Amino acid sequence: MRIGLLGNAGSWYVSDLQRAGTERGHTVERLDYPTLTVSVGSERGITAEGRDLTDRQSLQNIDLLSFDSLVIRTMPPGSLEQIVFRMDTLSRLEALGVRVLNPPRTIEHAVDKFLTTSTLAAAGLPVPETLVCESTVEALVGLERLGGDVLVKPIFGAEGRGIVRVSDPDLGQRVFRTLERMQSVLYLQRFIQHPGYDIRILTLGGEVIGAIRRHANHSYKTNVACGGKAEAYDPTPEEVDLALKAASAVGVPFAGVDLLSGPDGKRYVIEVNGIPGWKGFSSATGIDVASHVVEWLER
């Protein structure tokens, strides 16, 4: 099998997937988004090319239709046009028979916090009460309605970055006004008084790979990228059921589902990550996630 990895040069995840794929006898190559080139009007309707820039002495165009599978490990910053073009190219490749993990439409869904939260709620899954608006006035009303203690999150964000806790109207006025002037959407979520940890469950193809418990490090943020500490965790049947239903509702085959416990023990679905990391997960659990991914692609 020939596997393409859309990831950054020097990425630990790219190296781990290359190791797992090579061990199982596959060809694994890294590709760069900025070199994607599409030709429309050929016999198959579209060709796409990638170029691996890790070795500048041997630049070579690669026909992406020659890959059996493409694994998306990142979506680098770019203009709206660039991002749309990349996602459209991945969708065309998928339509022409290349398996893309995760499928581009599900990544678009999972990366959008508002769309994900709305979808989870519509599926009957427990999510923190959330208010989304564009004006400071509405956000201040929402702050009071949500108990006076909220997390303000970027709609497009990951690893806990860009999240601000607001529990004071004066601070809220300044934060909301700044975001409004930046033409940002104001996404407010009721702060859940949690026990100092959350649960990350990795799912793949409708099954659970494993789980970790992430403890906050002198903060309410439990993300490992923000200093949280991970330990292996054996999820309860209820937690497994919640994670699988959440991944299914968003339509993500390979997902990192985050669960948080409230003061009454109720579990909330906080996030469904469509490009989940596993470095801290594998370190805590000893589970070879990359091999699970490659085996799934084989099946």
Side-chain angles (χ1 to χ4, degrees), residues 74-78 80 83 107-121 125-200 212-230 246 250 256-263 266-277 280:
T74 187
M75 178 55 70
L80 176 61
I83 299 298
I107 289 180
E108 290 175 345
H109 195 150
V111 76
D112 184 333
K113 284 186 174 62
F114 170 57
L115 182 57
T116 296
T117 301
S118 301
T119 300
L120 294 172
L125 300 176
V127 297
E129 189 178 355
T130 303
L131 181 138
V132 187
C133 62
E134 296 187 22
S135 76
T136 299
V137 172
E138 291 300 327
L140 287 170
V141 172
L143 172 63
E144 181 178 0
R145 196 180 83 191
L146 296 175
D149 192 359
V150 302
L151 294 181
V152 183
K153 302 180 178 181
I155 281 188
F156 304 114
E159 298 182 330
R161 296 186 175 93
I163 297 177
V164 178
R165 183 176 178 182
V166 173
S167 55
D168 176 78
D170 290 335
L171 175 61
Q173 173 83 21
R174 293 194 292 273
V175 170
F176 302 151
R177 184 72 68 192
T178 299
L179 292 172
E180 183 181 1
R181 287 172 179 167
M182 294 170 60
Q183 295 184 310
S184 296
V185 172
L186 305 177
Y187 179 100
L188 283 64
Q189 200 162 68
R190 180 188 293 272
F191 181 77
I192 304 297
Q193 293 290 346
H194 58 78
Y197 61 82
D198 71 355
I199 297 162
R200 160 63 66 93
I212 55 174
R213 186 158 58 186
R214 304 181 300 186
H215 294 266
N217 185 19
H218 308 298
S219 169
Y220 59 86
K221 296 182 180 180
T222 58
N223 309 71
V224 174
C226 295
K229 304 300 180 182
V250 181
V257 181
D258 296 340
L259 307 178
L260 195 66
S261 295
K266 180 179 178 179
R267 298 286 193 272
Y268 295 89
V269 182
I270 301 300
E271 184 178 3
V272 178
N273 193 312
I275 308 180

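The residues of the chain are indexed from 1 along the displayed sequence. All of these numbers come straight from a predicted model, not from anything done at the bench.
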- Item | CA sep, side-chain torsions, deciding dist, call: F114, V185, side chain to side chain contact (heavy atoms under 4.5 Å, CB included) | CA-CA 10 Å; F114 170 57; V185 172; over 6 Å; no

- Could you please spell out the steps behind the side chain to side chain contact (heavy atoms under 4.5 Å, CB included) verdict for R200 and N273? CA-CA 10 Å; R200 160 63 66 93; N273 193 312; 4.0 Å; yes

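- When every heavy atom of A230 is checked against every heavy atom of G280, the shortest pair comes out as CB-O, 4.4 Å.
- C133 and A139 make their closest contact through SG-N, 3.6 Å (heavy atoms, listed as atom of the first residue, atom of the second, distance).
- Between the side chains of S261 and Y197, no donor N or O sits under 3.5 Å from an acceptor N or O.
- Atoms NE2 and CG, on H109 and L115 in that order, are 3.5 Å from each other to the nearest 0.5 Å.
- If you run salt bridge (Lys or Arg N to Asp or Glu O under 4.0 Å) between D198 and each of K229, R267, R214, only R214 comes through.
- Taking 4.5 Å as the limit, some side-chain heavy atom of I107 sits within range of a side-chain heavy atom of I275.
- The salt bridge (Lys or Arg N to Asp or Glu O under 4.0 Å) contacts involving residues 169-179 comprise R177-E180, where partners must be two or more places apart or lie in separate chains.
- Residues that satisfy the side-chain contact (heavy atoms from CB on, under 4.5 Å) test with R190, not counting sequence neighbours, are E129, L146.
- No side-chain heavy atom of L188 sits under 4.5 Å from any side-chain heavy atom of L151.
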- Item | Working for side chain to side chain contact (heavy atoms under 4.5 Å, CB included), residues V127 and Y268 | CA-CA 5 Å; V127 297; Y268 295 89; 5.7 Å; no

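- Residues passing the side-chain contact (heavy atoms from CB on, under 4.5 Å) test with A246, sequence neighbours excluded: L120, L125, V257, V269, V272.
- Under the rule for a side chain to side chain donor-acceptor pair (under 3.5 Å), the partners of R213 that lie at least two apart in sequence or sit in another chain are E231.
- Considering every non-hydrogen atom in both L186 and E134, the closest pair reads CD1-C, 4.2 Å.
- Listed by first then second residue, pairs satisfying side chain to side chain donor-acceptor pair (under 3.5 Å) with a partner in residues 142-157 read D149-R165, K153-Q189, not counting sequence neighbours.
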- Task: Could you walk me through whether V150 and F191 pass the side chain to side chain contact (heavy atoms under 4.5 Å, CB included) test, one step at a time?
- Result: CA-CA 5 Å; V150 302; F191 181 77; 5.8 Å; no

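- Atom CD1 in I192 sits 8.5 Å away from atom NZ in K266 (nearest 0.5 Å).
- The backbone N or O of P128 lies less than 3.5 Å from a partner atom in the side chain of T130, making a donor-acceptor pair.
- Here the side chains of T136 and Q173 are in contact, with some heavy-atom distance below 4.5 Å.
- F156 is linked by a side-chain contact (heavy atoms from CB on, under 4.5 Å) to V111, D112, counting only residues two or more places apart in sequence or in another chain.
- Residues passing the side-chain contact (heavy atoms from CB on, under 4.5 Å) test with P154, sequence neighbours excluded: I163.
- By the 4.5 Å heavy-atom criterion applied to side chains, V152 and F176 are counted as neighbours.
- A search for side chain to side chain donor-acceptor pair (under 3.5 Å) contacts involving T116 returns nothing, not counting sequence neighbours.
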